[in-house]
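Below, chain A is the first sequence line, B the second, and so on; all start at residue 1.
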Number of protein chains: 2
Amino acid sequence: MPNHQVPLDRVFHALADPSRRAIVERLTAGPASVSELARPLRMTLPAVLQHVQVLESSGLVVSEKAGRVRTCRVEPAALRAAEVWLTARRTAWERRLDRLDDVLAGATEPTTTEEDRP
Amino acid sequence: MPNHQVPLDRVFHALADPSRRAIVERLTAGPASVSELARPLRMTLPAVLQHVQVLESSGLVVSEKAGRVRTCRVEPAALRAAEVWLTARRTAWERRLDRLDDVLAGATEPTTTEEDRP
DNA sequence: GAAAAAGTTAAGCAATCCCTTGACTATTGG
DNA sequence: CCAATAGTCAAGGGATTGCTTAACTTTTTC
């Protein structure tokens, strides 16, 4: 069982805040400066900067400064890492349901049970 | 405008904790009692119960008590809600890149690339 | 019916989160 | 130059988290 859990904590934590999700949504439409990100966000600039830093530390966003303006853009790899985890859970759940259906359909003949209970 | 953004906060927050993700992973393999969930988790039972409550409040998990044992199972709808949000962001980003490619490819001859600019 | 098993409740505590204010640094435009 | 713009740093405060211990209830089992 591969454990790429290191960044997942930060990615999900970053996405748990509505302001940060709003920032990500805005950035999927194209890069933006910190002030542009701040404008619709009813909070001070340092607060927005902190959100951007959380997003950067999660890998969801990268930014670079040119002159006096910092331009942020979304980094879809982290987005996809979270997506992959969710899809894996959902498909595992669906596969289990399928197996359950099989068992119920062929309930007359139980196959080798896979439960591990010593 | 659909307003299912209310639970997204809770869903992502719930998934931001590795113990809770471990619980979800275990539950995708089938229902389990609180004690079963607690066994691999190196923390006390009340702590696990609190995690289960967080997962329930996010809609990711449902549980019911029969006798003295509470049986938990995963509720894939919430899982899918998070998946949907992530997929929407990623595809929005990809579509934007495609448009950008078009613009760059047809840079010599501005064809009908601009749709929304009167 | 006493004791074990499974869970629940309450309180408390250290760490972290989200946001603010205030001061401060660069960069740019006139 | 000088002042507006864009961002940054530092400190702090109130709320929330993630755990713990201790006491308790409700089943089940012997």
Rounding to a whole Å, what distance do you find between [X]:[atom1] and [N]:[atom2]?
X: B:Leu55; N: D:dT17; atom1: CG; atom2: P; value: 13 Å
X: B:Gln53; N: D:dT16; atom1: CD; atom2: C1'; value: 16 Å
X: A:Ile23; N: C:dC19; atom1: CD1; atom2: P; value: 10 Å
X: B:Asp17; N: C:dC17; atom1: CG; atom2: P; value: 12 Å
X: B:Leu45; N: C:dA4; atom1: CG; atom2: P; value: 18 Å
X: B:Arg42; N: D:dC19; atom1: CZ; atom2: P; value: 13 Å
X: B:Met43; N: C:dC13; atom1: CE; atom2: P; value: 21 Å
X: A:Asp9; N: D:dG18; atom1: CG; atom2: C1'; value: 13 Å

Result for side chain to side chain contact (heavy atoms under 4.5 Å, CB included) between B:Trp93 and one of A:Val74, A:Leu27, A:Leu79 points to A:Val74
State whether the distance check finds a donor on one side and an acceptor on the other, under 3.5 Å, for side chain B:Arg68 versus base D:dT26.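 Counting by modelled atom types and ignoring angles, no donor-acceptor contact under 3.5 Å is found here.
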Exercise for the section: Determine whether any donor atom in the side chain of A:Gln50 lies under 3.5 Å from an acceptor atom in the base of C:dC19, or the reverse, and answer yes or no. Expected result: yes
Does a side-chain N or O from [X] land closer than 4.0 Å to OP1 or OP2 of [N], or not?
X: B:His13; N: D:dT16; result: no
X: B:Thr44; N: D:dT20; result: yes
X: B:Arg70; N: C:dT8; result: yes
X: A:Lys65; N: C:dA26; result: no
X: A:Arg20; N: C:dC18; result: yes

Review point. Side-chain contact, heavy-atom cut-off 4.5 Å: A:Leu15 with A:Arg20?
Key: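 No, their side chains stay 4.5 Å or more apart.
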Q.
Between A:Ser63 and A:Glu56, is there a side-chain heavy-atom distance shorter than 4.5 Å?
A. yes
Would A:Glu25 and B:Trp85 count as having a side-chain donor-acceptor pair, cut-off 3.5 Å? yes
Ranking B:Thr71 and A:Val54 by the position along DNA chain C of their nearest nucleotide, the one closer to 5' is B:Thr71
* The side chain of B:Pro46 lies closest to which of these nucleotides: C:dC18, D:dT20, C:dT20? ->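 Nearest nucleotide to the side chain: D:dT20.
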**Prompt:** Any ion pair linking A:Arg70 and A:Glu64 (charged N to carboxylate O, less than 4.0 Å)?
**Reply:**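 Between A:Arg70 and A:Glu64 there is no salt bridge, as every charged N stays at least 4.0 Å from the carboxylate O atoms.
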